[in-house]
Amino acid sequence: MKDSSELAELQDILRLEKGLQDVTGSINGAQNIREILINARPLIIDLFQAEAAHIYVVNNKNKREIMTLLQSDGQIKERKTLVSNETIPGYVSNTGRMINISDFSNNLQINQYSDLLLDSNRDSRFGVVVRQILAMPIVYGGEVMGAVEVINKKIEDGPFRDEEPVLLQEISEALGVAIYNQLRLDPKTKRTKFGYLVSNNLINEEDLNRANNESKEKKESLEEILMKQYKITKNDIGQSLEYFYQCNFVSFDHNTPIPGDLLKNLKKEYLMREVWVPLERHEKNIRVLIDDPQNIIKRDTIENILKTKSIKYDIALKGDILKYIEFFYRENSQEATFTELIGRLDAGDDSQDEDTEESIRESDSAVIQLVNKIINDAFLRRASDIHIEPDVIDKNVLVRYRVDGDCALYQTLPYSYRAAIISRIKVMSNLDITVKRIPQDGKIKIKKPGVGEIELRVATIPTQGGVEDVVMRILAKGDTLPLEAMRMTPRNYRELLKICEQPYGMILCVGPTGSGKTTTLHAVLRHVNKPDRKIWTAEDPVEITQKGLRQVQVQPKIGFDFAAAMRSFLRADPDIIMVGEMRDFETAKIAVEASLTGHLVLSTLHTNSAPETISRLLDMGIDPLNFADSLLGVLAQRLVRVLCEKCKEAYNPTQEEFDRIIEGYGPEYFKLQKISYSKNIKLYRPKGCDACDNTGYRGRMSIHELLLNSEEIKKRSIERRESIEVIRNIAMSEGMLTLYQDGILKAFQGLTDVKQVHRVCQTTR
């Protein structure tokens, strides 16, 4: 029995392979588009064992129509339909999306394609009532050239098999190449630089010729004339250039990392005159931005200068290339540019790596200025961390900044500078420059005019290849935010105010490193900071200062840790104590005792959720009865990126996406929000503009999970040492929103997007 089933499976695989060869052979052997449409259609029907199949081609004169040919009663008839969302082939050609519907009577399947605007839930195609459909766009060179569809399985009345979309994809790729070649051979469809604009009815031939004459008279580029005078968008210009040159179109983005290792031997004046610039180095090639990728002479010159033939050329407008050059060589009256500093070091050829490395020292003025500039630029870009990473594969040094929680490449430096840069950072942080095989920790303090003192926490770590990485965390002193600016839900804000007004007890703020715990606790302290209250804080380090607080920085190296600071505070007449972190049993024990003896204690803990915090402290050995009496509440939080107000884009989620959100939120809890699916419901997503550096995000905010120590939790959960799940269920029944739930509600408010919520927390389910 097993042998017969394996034989049948093997025969089916051979049938599919032969059928695919027959279809692609028919497509490639056709003399014209007419033959492609007529000859391939019956072969596709046989391959998929379907009732019908059709191949549509975009009308070359009128890009808003697609056409197919049908053979009926010995005659070949042409059928046209609009490129629009009102039919399936029109939708596929318009959006470039695949459609796979296994049951046309199932609304949920059709609603996956929320912008598909069919007249009814039944569709028919040339006399065939559609039950199942698999449709794929035909694409070549980034341009949709038509669509191919397969309708209704003859044998099994169910979904298409997993391998069948793959087969149709291969057929659509073969169709794309063949149709493109046929159009290219047709003298009527000769490609021109801006033929894409004409064929898509964005401009007519007369206006294009007129714009060409104007550009010659005014000595401006044709692209500028088209954008200024004829209101052609930059994106459309880019699409036309991509189609003509068959490469990527790039717009100026000032978040682009400066390729210092590629620029070190290039003069700004030369690049401005020749209008090209290197963008980045990959393992296989160097990416270069150029205004004319077909200029063979310029390409030869570039390859000689960069000493490689492995170059990937991308197209950009002349103005954007000049902007990139200005940006890479940008000057400040008070400091030199990266390129100038690298030029001063004059490392020469990287092939003499050992000699070069010895000639560049950490005491060189250019190295000192280079490290200072890396730190200053990080501060100006609001970075929280700086990463210096020697790359032993590509032979360069990567400088990355973490801004708003995301790590992005900022600069690449020549590999020969790695030792000098890292040694300079070690000197600044009082570390041993001769020790390279074990990690070291230190601190750097820098005074910045108008800002004050900036402190950096430095960690060096030896990595593969005999090099060292450096990570610097910027601990800039900041102002205290009010609680109102935390964007808490009304319930969380109201209840947090209640517990922080209590005369004694313990409030915990929990989450991973860098989740804003200290900022939140200082916001609470700002609220309770009154002249009649004595407030002590123990922190490592003191990042935020407030008038009225007595703030202490702990020094673990000399034995003055959090526990020692707490013991000192209890002898110094406190009303409120804030301890930076409960790292051990002793600190936690003293905090609980202090909260039971008439003090309000605030602290942080590294746990993933509010319910988990209770279990963690009990596991540390804290007495359950004392802890139950002392705890007021636990506030868990995470930071999510905030959508840019100037460019965020509203959209209607699909039913499937909405259902996933409900499932993660918890259907029984989502009902309480009284949000139901409709075509009018809106979520938001990032788009990108100048205000947000084209990221779509600007800043970060907290999402919260506030667990209150109610009588139910005190008696049932803490004293009985119940599981995390039991604690969570009790807290949610009393009104607690989980981190995920709070994040989803903020997504519906348009403050962030669902993707950011998924990045930082788990679903309720």
Side-chain angles (χ1 to χ4, degrees), residues 12-13 15-24 26-27 36-58 66-70 79 81 83-118 120-140 144-179 654-656:
D12 190 52
I13 291 171
R15 181 188 69 81
L16 293 176
E17 289 181 354
K18 184 179 183 306
L20 180 61
Q21 288 176 0
D22 291 343
V23 173
T24 54
S26 171
I27 292 168
I36 292 174
L37 299 184
I38 294 172
N39 297 343
R41 179 173 170 267
L43 297 174
I44 294 173
I45 291 173
D46 289 342
L47 174 61
F48 288 87
Q49 297 177 334
E51 286 188 22
H54 306 105
I55 303 170
Y56 295 84
V57 179
V58 173
I66 51 175
M67 173 272 294
T68 188
L69 297 176
L70 295 176
R79 300 292 181 92
T81 187
V83 176
S84 71
N85 291 8
E86 295 175 2
T87 65
I88 286 178
Y91 172 86
V92 171
S93 300
N94 193 36
T95 63
R97 289 184 63 189
M98 178 187 81
I99 280 187
N100 187 351
I101 298 175
S102 61
D103 183 359
F104 224 80
S105 63
N106 188 330
N107 284 333
L108 285 177
Q109 290 195 28
I110 297 174
N111 288 339
Q112 292 180 64
Y113 312 96
S114 56
D115 46 352
L116 178 60
L117 308 173
L118 298 178
S120 70
N121 285 355
R122 305 299 292 169
D123 189 27
S124 63
R125 192 85 75 254
F126 313 130
V128 177
V129 176
V130 178
R131 299 189 307 277
Q132 307 104 26
I133 189 164
L134 178 63
M136 193 83 64
I138 299 170
V139 181
Y140 183 81
V144 178
M145 315 202 67
V148 54
E149 64 178 4
V150 179
I151 299 172
N152 299 347
K153 298 288 287 184
K154 285 181 181 177
I155 301 174
E156 65 271 15
D157 194 14
F160 290 93
R161 292 182 294 173
D162 291 343
E163 62 269 22
E164 290 181 318
V166 179
L167 285 175
L168 197 61
Q169 175 69 37
E170 291 193 40
I171 292 169
S172 72
E173 289 174 0
L175 284 167
V177 174
I179 292 170
T654 64
Q655 181 73 56
E656 183 182 5

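When the side chain to side chain contact (heavy atoms under 4.5 Å, CB included) test is applied to T24, the partners found at least two apart in sequence or on another chain are L20, N28, A174. For E17, there are no salt bridge (charged side-chain N to carboxylate O under 4.0 Å, His left out) partners two or more places apart in sequence or in a different chain. When the salt bridge (charged side-chain N to carboxylate O under 4.0 Å, His left out) test is applied to R79, no partner is found at least two apart in sequence or on another chain. Scanning for side chain to side chain donor-acceptor pair (under 3.5 Å) contacts around Q21 gives an empty result, with sequence neighbours left out. Under the rule for a salt bridge (charged side-chain N to carboxylate O under 4.0 Å, His left out), the partners of E163 that lie at least two apart in sequence or sit in another chain are R161.
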*So E51 and I151, side-chain contact (heavy atoms from CB on, under 4.5 Å) or not? Walk me through it.*
CA-CA 6 Å; E51 286 188 22; I151 299 172; 5.6 Å; no
*Report the C-alpha separation of L70 and H54 in whole Å, then their side-chain angles, then the decisive distance to 0.1 Å, and conclude whether the side-chain contact (heavy atoms from CB on, under 4.5 Å) test is met.*
CA-CA 8 Å; L70 295 176; H54 306 105; 3.4 Å; yes
_Using side-chain contact (heavy atoms from CB on, under 4.5 Å), reason through V58 and I179 one step at a time and then give a plain yes or no._
CA-CA 10 Å; V58 173; I179 292 170; over 6 Å; no
*So Y56 and T87, side-chain contact (heavy atoms from CB on, under 4.5 Å) or not? Walk me through it.*
CA-CA 12 Å; Y56 295 84; T87 65; over 6 Å; no
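Taking all atoms of both residues into account, the shortest heavy-atom contact from I44 to V148 is CD1-CG2, 4.2 Å. Contact detail for L43 and D22: the closest heavy-atom pair is CD1-O, 3.6 Å. Nearest approach of I66 to V83, heavy atoms of both residues: CG2-CG2, 3.6 Å. In terms of heavy atoms, P137 sits closest to G96 at CG-O, 3.3 Å. The shortest heavy-atom contact between Y91 and R97 is OH-NH1, 2.9 Å. Residues M98 and P165 come closest through the heavy atom pair SD-CB, 4.3 Å.
Side-chain atoms of K154 do not come within 3.5 Å of backbone N or O of F48 as any donor-acceptor pair. Using modelled atom types, no side-chain atom of E149 and backbone atom of I133 make a donor-acceptor pair closer than 3.5 Å. Panel note: side chain N152, backbone A50; no donor-acceptor pair is recorded below 3.5 Å.
Residues L47 and I171 form a side-chain contact, since some pair of their non-hydrogen atoms from C-beta on lies under 4.5 Å apart. I138 has its side chain within reach of I55: a pair of non-hydrogen atoms, C-beta onward, lies under 4.5 Å apart.
Note that OG of S93 and CD1 of I88 are 12.0 Å apart. Values are rounded to the nearest 0.5 Å. Between the CG atom in N85 and the CG atom in N94 there is a gap of 5.0 Å [rounded to 0.5 Å]. Atom CD of E164 sits about 7.0 Å away from atom CG of L16, to the nearest 0.5 Å.
Among residues at least two apart or in separate chains, there is no salt bridge (charged side-chain N to carboxylate O under 4.0 Å, His left out) pair with a member in residues 37-46.
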